Amino acid sequence: MKFSVIMPVRNRAHIIKASVESVLAQSFKDYELLIVDDGSDDALEDALRPFLSDNVVYHRRPHEGVCAARNYGLQQAGGEYIAYLDSDNSWRPDFLLKMHKALTRSKPQRQTAYCRCDRLRRDPESGKFVLDSVVGRKFDFKRLVAGNFIDLNTFVHARRCLDGQSAFDENLKRMTDWDFILKITSRHEPVFVRDILVDYHLDLAEDTISNTEDLVEPLVTIKQRFSEFDDRNVTIEHDAIWYSYENVPDKKYYNYLRTFHGLNCKTEDFAARGFPYILQVEPTNACNLSCAVCPAAADKKTLDRPRRNMSLDEFKSVVDDMRDYLLLLVLWDWGEPFMNPQLPDMIRYARDKGIRTVTSTNAHFLHDREYLERILTSGLTTLIVAVDSLKPEKYESYRKGGDLTKVLDGLRNVLAMKKELNSETLINLRMVIMNSNEDELRSMRTLAKKLGVDYFTVKTANPTPGGNSSDEGIVPRNPAYRRYAYKPGTYERIRMDVNCRKCWFLLNVHSNGVVAGCCYDYDQEMAVGNVFERPFTEIWNGPAARALRKKLYYDKDTMDKCRECDVNFKLRDVGWFVEVRDFNADLKTRMNRIAKRLARRIFPKRVVELLRSRQ
């Protein structure tokens with residue numbers, strides 16, 4: 001017998017028919033189908049009875065889990081090759097035929113093979129399954145360790161590949177397929193069949209492992225198991241800029257995995273699974289300007305806390321506590337960071353601990369050569385320079401107290417000194433686009449290119465942190481430049497019912513040491529502790545932080561800031577950024593980015609995924 005097909009199943013009487021029929025419809029007939037019932041308590045056996053025959057065999061076992069069921073199937077299998085099909089998925093008629101050809105005609109002959117599959121999701125309006133994406137790509141073991149791209153339903157292997165080390169791990173609750181495929185393909189390179197021969201259904205059944213089991217600890221276990229093949233590479237995005245890290249130290253790397261993949265709310269105790277890998281620290285809450293919608297404006301009393309610079313020693317205590325977890329420090333919140341004379345020393349200290357940094361300035365403090373030299377030689381990764389208009393009257397109407405001539409001269413200073421010092425700091429010219437300056441987008445872009453900045457980014461306006469009463473007076477007239485979608489003919493945002501997950505991976509440390517609930521919590525209404533009194537690592541999952549997460553999960557609408565936060569409103573396609581230009585990228589990279597942005601605007605997301613998967 002050529003193929004043994006193993007199908008583990010539990011309580012799928014209502015859906016298993018399609019999967020079994022897809023096996024019976026195979027054009028390649030030399031197979032046996034082993035259906036292993038993992039302790040079902042529905043009418044599964046009755047549903048299967050019409051299909052049972054000499055080559056369709058039903059095995060009933062006590063409930064021990066899907067891995068135990070598959071391992072039992074492997075023990076019963078008599079075929080030369082093994083294939084797997086879950087009870088909520090289906091094969092196309094030529095699956096076994098084409099996989100057999102791939103295995104027997106490859107030179108040299110291979111012991112494993114896989115194809116691609118259509119991943120289908122149910123459309124909530126029609127109830128029909130529509131294409132979500134295509135899964136499967138050319139084989140590369142290191143990329144497979146980085147993230148699974150082979151679905152078990154597409155995977156076949158010779159029986160001889162199995163040994164005592166290659167069974168399904170019954171101790172893992174999730175990602176068992178990925179773990180098994182890694183064990184097999186680490187020793188037997190597979191043939192990649194480009195054809196789409198499998199239909200994989202997302203959420204056809206409600207009690208799938210993907211919906212009921214946590215993925216974080218299994219993910220970390222598998223990564224550690226294959227650590228010798230793992231480059232420990234991490235790529236994160238912040239404020240439209242991507243930061244890539246290679247050979248991340250173990251502790252920092254596994255913390256990143258736990259945090260990044262653990263954002264589903266853990267409602268048993270509301271403790272986060274990992275520590276933040278990005279932390280926002282406010283060097284000062286003082287500012288020289290009085291911008292129209294900013295609570296920290298110099299002429300306002302909205303920011304009801306004393307103006308204060310964080311000291312270098314205070315900053316060091318935060319970094320020393322979090323050094324094993326942080327990849328990036330964001331050095332601003334409410335205030336102008338360059339007003340803290342110790343900012344360069346803070347950046348250097350973080351750099352020496354292996355932490356990248358990004359800060360932002362309104363560009364009025366870029367004339368002190370000695371200070372600027374300290375900044376550009378400190379190891380700062382990215383400097384955002386905020387310039388919203390090239391017309392003095394417009395600039396100064398929004399950036400009240402500002403001087404556009406001084407700002408542009410300061411920008412030229414920092415670019416000239418960067419070149420002189422051969423500094424690697426990236427300069428990001430930032431424009432916030434509003435109805436007062438939307439006509440200047442082209443001239444701002446031209447200036448950015450002419451001056452030689454590294455990035456030009458155009459951010460959409462968020463009229464007020466914690467409210468939406470100012471939208472009509474601030475957002476651009478051109479809908480393509482707006483952050484939010486509005487009800488037709490109005491400036492009323494469209495509400496969405498979503499959970500805020502920010503507090504599960506990020507909190508903000510203010511210049512007085514207070515740990516605030518998020519970047520909008522300028523007046524510390526959601527404070528959970530003070531790092532000058534207790535380490536951040538203790539505050540992070542302490543009683544106050546867990547109580548805040550619980551309140552945000554169940555009662556966020558009772559808090560003004562949370563009820564009116566942008567998380568609750570539908571965004572337009574552009575989201576937070578209208579434009580992101582990387583002037584250092586080569587032409588091919590830039591063209592690809594432009595094509596992707598155009599595709600997102602022209603085609604539905606699922607079509608973009610399909611086109612990308614077929615490249």
Side-chain angles (χ1 to χ4, degrees), residues 123-126 239-240 290-297 300 302 334 386 388-389 391 393-400 430-442 444-445 457-502 517-523 525-526 552-580 597-608:
D123 182 80
E125 295 182 3
S126 67
D239 228 20
S290 298
C291 300
V293 298
C294 180
K300 293 181 181 178
T302 314
W334 300 102
D388 303 312
S389 174
K391 299 176 181 178
E393 65 281 3
K394 286 187 178 181
Y395 176 86
E396 290 160 20
S397 68
Y398 180 77
R399 301 275 181 180
K400 293 180 180 178
R430 166 67 50 77
M431 175 188 186
V432 177
I433 194 162
M434 299 167 282
N435 58 20
S436 61
N437 66 356
E438 60 187 304
D439 60 328
E440 296 187 67
L441 177 55
R442 179 176 293 181
M444 287 290 295
R445 185 190 304 125
T457 53
V458 183
K459 196 169 188 175
T460 51
N462 184 30
T464 52
N468 64 349
S469 58
S470 304
D471 291 44
E472 184 174 1
I474 291 177
V475 300
R477 289 173 290 276
N478 186 339
Y481 299 159
R482 296 174 180 174
R483 178 174 300 188
Y484 301 108
Y486 296 96
K487 293 182 179 180
T490 75
Y491 284 91
E492 183 181 352
R493 301 179 194 172
I494 300 171
R495 283 197 172 270
M496 306 283 285
D497 184 17
V498 295
N499 285 321
C500 176
R501 291 193 168 101
K502 182 172 285 189
C518 78
C519 58
Y520 290 158
D521 190 22
Y522 55 86
D523 53 4
E525 290 181 347
M526 296 180 281
L552 288 170
Y553 186 80
Y554 289 114
D555 300 310
K556 68 179 172 65
D557 287 346
T558 64
M559 298 183 284
D560 290 342
K561 286 193 185 75
C562 298
R563 185 175 57 253
E564 302 303 326
C565 174
D566 59 0
V567 169
N568 301 299
F569 300 104
K570 183 178 180 180
L571 301 181
R572 287 186 54 82
D573 291 341
V574 296
W576 282 46
F577 286 91
V578 172
E579 183 173 333
V580 178
R597 286 200 296 272
L598 288 173
R600 290 191 191 101
R601 294 183 183 183
I602 297 171
F603 300 109
K605 181 179 179 181
R606 61 181 180 273
V607 178
V608 176

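Please read these numbers as outputs of a predicted model, since none were measured by experiment. Below, all heavy atoms of this structure are taken into account, side chains as well, without hydrogens, waters or symmetry copies.
- Side-chain contact check for Ser389 versus Arg399: every heavy-atom pair is 4.5 Å or farther apart.
- Checked for salt-bridge contact, Arg495 and Asp557 miss the test: no charged N lies under 4.0 Å from a carboxylate O.
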Practice task
Under the side chain to side chain contact (heavy atoms under 4.5 Å, CB included) rule, what do Cys565 and Tyr520 come out as? Steps first, then yes or no, please.
Solution key: CA-CA 8 Å; Cys565 174; Tyr520 290 158; 3.7 Å; yes

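- For the residue pair Val574 and Ala480, the shortest heavy atom distance occurs at CG1-O, 3.5 Å.
- Side-chain atoms of Asn435 come within 3.5 Å of backbone atoms of Gly473 as a donor-acceptor pair (strictly under, hydrogens ignored).
- Interatomic distance, Cys562 SG to Lys502 NZ, rounded to the nearest 0.5 Å: 11.0 Å.
- Summarising the geometry, atom SG belonging to Cys291 is positioned 8.0 Å from atom CG belonging to Asp388; distances are rounded to the nearest 0.5 Å.
- The two residues Thr457 and Arg430 come nearest to each other via the heavy atoms OG1-NE, 2.7 Å.
- A salt bridge links Lys561 to Glu525: one of the charged nitrogens lies within less than 4.0 Å of a carboxylate oxygen.
- Residue Arg482 holds its CZ atom at 7.5 Å from CZ of Arg572, rounded to the nearest 0.5 Å.
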Exercise for the section: Let me see the working for Arg483 and Leu571 under side chain to side chain contact (heavy atoms under 4.5 Å, CB included), right down to the final yes or no. Expected result: CA-CA 6 Å; Arg483 178 174 300 188; Leu571 301 181; 3.7 Å; yes

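- One finds the CD1 atom of Ile433 at 12.5 Å from the CZ atom of Phe577 (value rounded to the nearest 0.5 Å).
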Practice task
Check step by step if side chain to side chain contact (heavy atoms under 4.5 Å, CB included) holds for Tyr481 and Met434.
Solution key: CA-CA 8 Å; Tyr481 299 159; Met434 299 167 282; over 6 Å; no

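- No side-chain donor-acceptor contact under 3.5 Å links Lys394 to the backbone of Asn437.
- Considering Val578, Asn478, Val475 as possible partners of Glu438, the one that fulfils the side chain to side chain contact (heavy atoms under 4.5 Å, CB included) test is Asn478.
- For the salt bridge (charged side-chain N to carboxylate O under 4.0 Å, His left out) criterion with Glu579, the lone passing option out of Arg445, Lys459, Arg442 is Arg445.
- Side-chain contact check for Ile494 versus Tyr484: every heavy-atom pair is 4.5 Å or farther apart.
- Taken to the nearest 0.5 Å, the CD1 atom of Ile474 stands 11.5 Å off from the OH atom of Tyr491.
- Asp471 and Tyr486 are linked by a side-chain donor-acceptor pair at a separation below 3.5 angstrom, with hydrogens and angles left out of the test.
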Exercise for the section: Go through the steps to decide whether Lys556 and Asn568 satisfy the test side chain to side chain contact (heavy atoms under 4.5 Å, CB included), and finish with yes or no. Expected result: CA-CA 10 Å; Lys556 68 179 172 65; Asn568 301 299; 2.6 Å; yes

